[in-house]
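Index from 1, following the sequence.
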Amino acid sequence: QVHLVEYGGGLVQPGGSLRLSCVASGLIVRLSGLSWYRQAPGKERELVARSPPVGESVYGKSVKGRFTISRDNAKNSVYLQMNNLKPEDSAIYYCYSNGNHWGQGTQVTVSS
């Protein structure tokens, strides 16, 4: 059974940075497509970044150039480095793996 657990959310000021982590069990990260999604109140869930097992990562338009997705296959983990955060980045961030597996989400709030 696949389990995804996110860490690293919190409150940060505009312009600040956060790093989210997602630890996976029940799957082999190096063989899996892994993504980060987010959902703000009253909005649809949207793709933030996708990391395929092979090839280049893909980013949502609103985060390109500010966020970076990476993976550590030895730790069976995927990360999201978020820089220059804006209030509109506030949302619950979810880790996702192919096969429709979701983590429980972690709250990110960007506010002064």
Review point. Where do Arg66 and Asp89 land on the side chain to side chain contact (heavy atoms under 4.5 Å, CB included) test, with the steps shown first?
Key: CA-CA 11 Å; Arg66 299 187 296 123; Asp89 294 318; 2.8 Å; yes
Exercise for review: State plainly whether one hydrophobic cluster holds both Ile92 and Leu20, where clusters connect Ile, Leu, Val, Met, Phe, Trp and Tyr through side-chain heavy atoms under 4.5 angstrom apart.
Suggested key: no
Revision key, fill the gap. Contacts satisfying disulfide (SG to SG under 2.5 Å) that involve residues 30-112 (not counting sequence neighbours) are Cys22-Cys95
Revision key, fill the gap. What one should report as the nearest heavy-atom pair of Ser90 and Ala40 is O-CB, 3.7 Å
Exercise for review: Kindly give the heavy-atom pair with the smallest separation between Gln104 and Val5, and that separation in Å.
Suggested key: OE1-CA, 3.8 Å
Check your understanding: How long is the gap from CD on Glu46 to OG on Ser62, to the nearest 0.5 Å?
Key -> 5.0 Å
Check your understanding: Strictly under 6.0 Å, is that where the ring centroids of Tyr37 and Tyr94 end up?
Key -> no
Point to revise | Thr106 side chain vs Gly9 backbone, donor-acceptor pair below 3.5 Å | key: yes
Practice item. Could you pull out the closest heavy-atom pair between Leu34 and Ser97, with the gap in Å? Key: CD2-CB, 3.6 Å
Exercise for review: Kindly indicate whether the side chain of Val23, heavy atoms from C-beta on, has any atom under 4.5 Å from the side chain of His3.
Suggested key: no
**Study point:** Considering all heavy atoms, the nearest Val78-Ser70 contact
**Key:** CG2-O, 3.1 Å
Point to revise | Path from Leu47 to Phe67 over hydrophobic side-chain contacts below 4.5 Å | key: no
**Study point:** Point-to-point distance, once rounded to the nearest 0.5 Å, from CG of Leu4 to CG of Leu27
**Key:** 6.0 Å
Point to revise | Within 6.0 angstrom of Glu88 CD, more than 12 heavy atoms from elsewhere | key: yes
Review point. Do Arg71 side-chain atoms and Ser51 backbone N/O form a donor-acceptor pair below 3.5 Å?
Key: yes
Check your understanding: Any idea which heavy atoms bring Ile28 and Ser32 closest together, and the distance?
Key -> O-OG, 2.8 Å
Check your understanding: Any sub-3.5 Å donor-acceptor pair from Asp72's side-chain atoms to Ser77's backbone N or O?
Key -> no
Check your understanding: Would you find more than 12 non-hydrogen atoms of other residues, nucleotides or ligands less than 6.0 Å from Leu31 atom CG?
Key -> yes
Revision key, fill the gap. In terms of heavy-atom contacts, Arg38 and Val63 come closest through NH1-CG1, 3.8 Å
**Study point:** Trp36 side chain reached by Arg50 side chain, heavy atoms, under 4.5 Å
**Key:** no
**Study point:** Distance, nearest 0.5 Å, that separates CD of Glu6 from CG of Leu80
**Key:** 11.0 Å
Review point. Any donor-acceptor pair under 3.5 Å linking the side chain of Asn76 with the backbone of Val29?
Key: yes
Check your understanding: Are any of the side-chain heavy atoms of Val12 and Thr109 separated by less than 4.5 Å?
Key -> no
Exercise for review: List the steps, then state whether ring-ring contact (aromatic ring centres under 6.0 Å, His included) holds for Tyr96 with Trp102.
Suggested key: CA-CA 5 Å; Tyr96 171 86; Trp102 295 89; 4.6 Å; yes
Practice item. Consider only side-chain heavy atoms of I, L, V, M, F, W and Y, link residues closer than 4.5 Å, and tell whether Val108 and Ile69 are in one cluster. Key: yes
Check your understanding: Sub-3.5 Å donor-acceptor pair from the side chain of Gln39 to the main-chain atoms of Glu44, do we have one?
Key -> no
Exercise for review: Answer with yes or no whether the hydrophobic clustering places Tyr79 together with Val48; edges join I, L, V, M, F, W, Y residues whose side-chain heavy atoms lie under 4.5 Å apart.
Suggested key: no
